[in-house]
Undergrad: 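I'd like to ask some things about the structure below.
Values reported hereafter were calculated over all heavy atoms of this structure, with side chains retained and with hydrogens, waters and symmetry mates removed. Counting from 1, the numbers follow the sequence of the chain as shown.
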Amino acid sequence: MGSSAEEYVAFEEKVKRSVYIDNLSPQVTDAVLKTALGQFGTVESVQFIPNSVEPKNIPQCALVVMQTEKQAKAIIFEMNNFPFMMSGMPRPVRALAAEVQMFADRPRKPGRKITCQWLDPGDRNFDVAQKLKEVTQRHAREASYLLQLQLEEEEKLAAGQSEMLKTNYKKCEMLESLFSDGSHGRLAYRYNLKVTDD
């Protein structure tokens, strides 16, 4: 077995231990991901997959390499059967088994040859290639529209959560001021209630 074949076998083993994590909040960092997935086992590496097509605030995706294949399968099972959120965002994270094509640094498969050629308009495959191009562009437009709807929905939800948090904070401040200036004792006496400082 040559070194390139051995390298590819080691890479395939790494793929089996890897998980593709999708729908991550833009606030999720390498450290957050390692901490969240650390409950399933040892996280060996995290690699965020860049998206240069869509705006910056879109959901992110990452490839996470775990120590064992069993740990990777546990993450996939857990995230597919229960809502799993990170960074407090109202966006459940999704997990899939990683595939060879997802790795930018994948080694060349032994014996594989890739050939490319330009198609002339008279070529019989030209129409097929043109239709594939049109379908791909339409899919990209649809995905972009759905993503925009998702972001708008998340912004509304985040605004509602922020408002609720402010309201709860004001309530806590009011209660704290009642206890700090002794008003709670006077109110308890007025309404004939027993209040302890516990």
Side-chain angles (χ1 to χ4, degrees), residues 3-114 116 132-155 157-158 161:
S3 61
S4 63
E6 290 172 0
E7 183 183 355
Y8 195 78
V9 168
F11 170 71
E12 284 181 322
E13 185 60 36
K14 174 184 165 184
V15 172
K16 290 178 185 174
R17 296 182 286 116
S18 300
V19 181
Y20 173 76
I21 308 287
D22 189 17
N23 213 28
L24 291 168
S25 161
Q27 286 82 26
V28 172
T29 62
D30 186 296
V32 170
L33 207 48
K34 283 183 177 178
T35 303
L37 300 180
Q39 62 184 306
F40 298 101
T42 305
V43 178
E44 288 189 354
S45 68
V46 173
Q47 176 190 358
F48 284 94
I49 300 173
N51 187 334
S52 55
V53 179
E54 297 291 342
K56 189 88 174 158
N57 63 344
I58 64 162
Q60 300 183 81
C61 49
L63 287 168
V64 179
V65 181
M66 300 300 290
Q67 192 173 39
T68 66
E69 187 178 348
K70 184 179 178 182
Q71 293 170 357
K73 286 181 178 178
I75 291 171
I76 294 166
F77 176 81
E78 191 74 23
M79 289 189 186
N80 288 332
N81 290 298
F82 305 99
F84 195 90
M85 297 186 201
M86 288 185 209
S87 292
M89 292 301 286
R91 175 188 283 149
V93 179
R94 298 178 295 226
L96 298 168
E99 296 177 11
V100 172
Q101 297 83 359
M102 295 176 176
F103 291 82
D105 60 344
R106 65 184 176 272
R108 187 174 166 195
K109 188 173 183 177
R112 182 173 183 218
K113 294 181 182 177
I114 300 173
C116 299
L132 283 173
K133 181 180 175 184
E134 290 168 6
V135 167
T136 303
Q137 289 173 343
R138 189 178 74 222
H139 175 72
R141 287 191 302 270
E142 290 170 353
S144 181
Y145 176 72
L146 289 173
L147 180 62
Q148 189 60 40
L149 289 178
Q150 180 185 0
L151 290 173
E152 288 171 6
E153 192 65 33
E154 284 181 14
E155 285 173 8
L157 187 57
Q161 287 177 339

Undergrad: With sequence neighbours excluded, what pairs up with Ala36 under the side chain to side chain contact (heavy atoms under 4.5 Å, CB included) test?
TA: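 If we apply the side chain to side chain contact (heavy atoms under 4.5 Å, CB included) test to Ala36, skipping adjacent residues, the hits are Phe84, Met86.
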
Undergrad: Any chance you could measure Gln60, atom CD, to Leu24, atom CG, to the nearest 0.5 Å?
TA: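 Atom-to-atom, Gln60:CD and Leu24:CG are 6.5 Å apart.
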
Undergrad: Give a yes or no on this: more than 12 heavy atoms of other residues, nucleotides or ligands lie within 6.0 Å of atom CZ of Arg108.
TA: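 Atom CZ in Arg108 is not crowded, with 12 or fewer foreign heavy atoms closer than 6.0 Å.
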
Undergrad: Taking all non-hydrogen atoms of both residues, which atom of Met102 and which atom of Ala97 are closest, and how far apart?
TA: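 Closest pair (atom of Met102, atom of Ala97, distance): CE-O, 4.3 Å.
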
Undergrad: With a 4.5 Å cut-off on side-chain heavy atoms, are Leu37 and Ile75 touching?
TA: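 A side-chain contact under 4.5 Å exists here.
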
Undergrad: Any chance you could measure Ile21, atom CD1, to Cys61, atom SG, to the nearest 0.5 Å?
TA: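 Nearest 0.5 Å value for the CD1-SG distance: 10.5 Å.
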
Undergrad: Short question: side chain of Asn23, backbone of Pro92 - any donor-acceptor pair under 3.5 Å?
TA: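 Yes; at least one donor-acceptor contact below 3.5 Å.
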
Undergrad: Quick one: side chain to side chain contact (heavy atoms under 4.5 Å, CB included) partners of Glu142, sequence neighbours excluded?
TA: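 Side chain to side chain contact (heavy atoms under 4.5 Å, CB included) list for Glu142, sorted by chain: Arg138.
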
Undergrad: Any side-chain heavy atom of Val64 within less than 4.5 Å of one from Leu33?
TA: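 Yes, at least one pair of side-chain atoms sits under 4.5 Å.
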
Undergrad: With sequence neighbours excluded, tell me which residues meet side chain to side chain contact (heavy atoms under 4.5 Å, CB included) with Asp30.
TA: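 Lys34, Val46, Phe48.
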
Undergrad: Which atoms form the tightest heavy-atom contact between Ala98 and Val15, and what is the distance?
TA: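 Reported closest heavy-atom pair: O-CG1, 3.5 Å.
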
Undergrad: Less than 4.5 Å apart, any side-chain heavy atom of Phe11 and any of Glu7?
TA: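 With C-beta onward as the side chain, the pair stays apart.
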
Undergrad: List the residues meeting salt bridge (charged side-chain N to carboxylate O under 4.0 Å, His left out) with Glu78, not counting sequence neighbours, and say none if there are none.
TA: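 Per chain and number, Glu78 pairs via salt bridge (charged side-chain N to carboxylate O under 4.0 Å, His left out) with no residue.
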
Undergrad: Any chance you could lay out the side-chain contact (heavy atoms from CB on, under 4.5 Å) test for Glu134 and His139, step after step, and finish with the verdict?
TA: CA-CA 9 Å; Glu134 290 168 6; His139 175 72; over 6 Å; no

Undergrad: Hey, mind stepping through Lys73 and Glu69 against salt bridge (Lys or Arg N to Asp or Glu O under 4.0 Å) and telling me if it holds?
TA: CA-CA 6 Å; Lys73 286 181 178 178; Glu69 187 178 348; 3.4 Å; yes

Undergrad: Any idea which heavy atoms bring Ser4 and Pro110 closest together, and the distance?
TA: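 Smallest interatomic distance, heavy atoms only, reads O-CG, 4.1 Å.
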
Undergrad: With heavy-atom distances below 4.5 Å as the criterion, would you say the side chains of Lys14 and Val65 are in contact?
TA: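 Yes, close enough: below the 4.5 Å cut-off.
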
Undergrad: Between the side chain of Gln148 and the main-chain N/O of Ser144, is any donor-acceptor distance below 3.5 Å?
TA: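 Not a single qualifying donor-acceptor pair exists.
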
Undergrad: What's the spacing between Asp22 CG and Arg94 CZ if we round to 0.5 Å?
TA: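 With rounding to 0.5 Å, CG (Asp22) is 4.5 Å from CZ (Arg94).
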
Undergrad: Tell me, please, which residues at least two apart from Gln101 pass side chain to side chain contact (heavy atoms under 4.5 Å, CB included).
TA: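 Side chain to side chain contact (heavy atoms under 4.5 Å, CB included) check on Gln101 returns Glu99.
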
Undergrad: Quick one: salt bridge (charged side-chain N to carboxylate O under 4.0 Å, His left out) partners of Glu44, sequence neighbours excluded?
TA: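 For Glu44, the residues satisfying salt bridge (charged side-chain N to carboxylate O under 4.0 Å, His left out) (neighbours in sequence not counted) are Arg17.
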
Undergrad: Taking all non-hydrogen atoms of both residues into account, name the closest pair between Val100 and Arg106 and its distance.
TA: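 Closest approach of Val100 to Arg106: O-CD, 3.3 Å.
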
Undergrad: Which heavy-atom pair separates Phe103 from Ser18 by the least distance, and what is that distance?
TA: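 That would be CZ-OG, 3.5 Å.
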
Undergrad: Okay, side chain of Arg112, backbone of Lys109: is any donor-acceptor separation there less than 3.5 Å?
TA: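 The answer is no, because no donor-acceptor pair under 3.5 Å joins these two groups.
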
Undergrad: Shortest non-hydrogen contact from Gln71 to Thr42?
TA: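 Shortest heavy-atom contact: OE1-N, 3.4 Å.
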
Undergrad: For a 4.5 angstrom cut-off between non-hydrogen side-chain atoms, does Val19 reach Leu96?
TA: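 Not in contact.
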
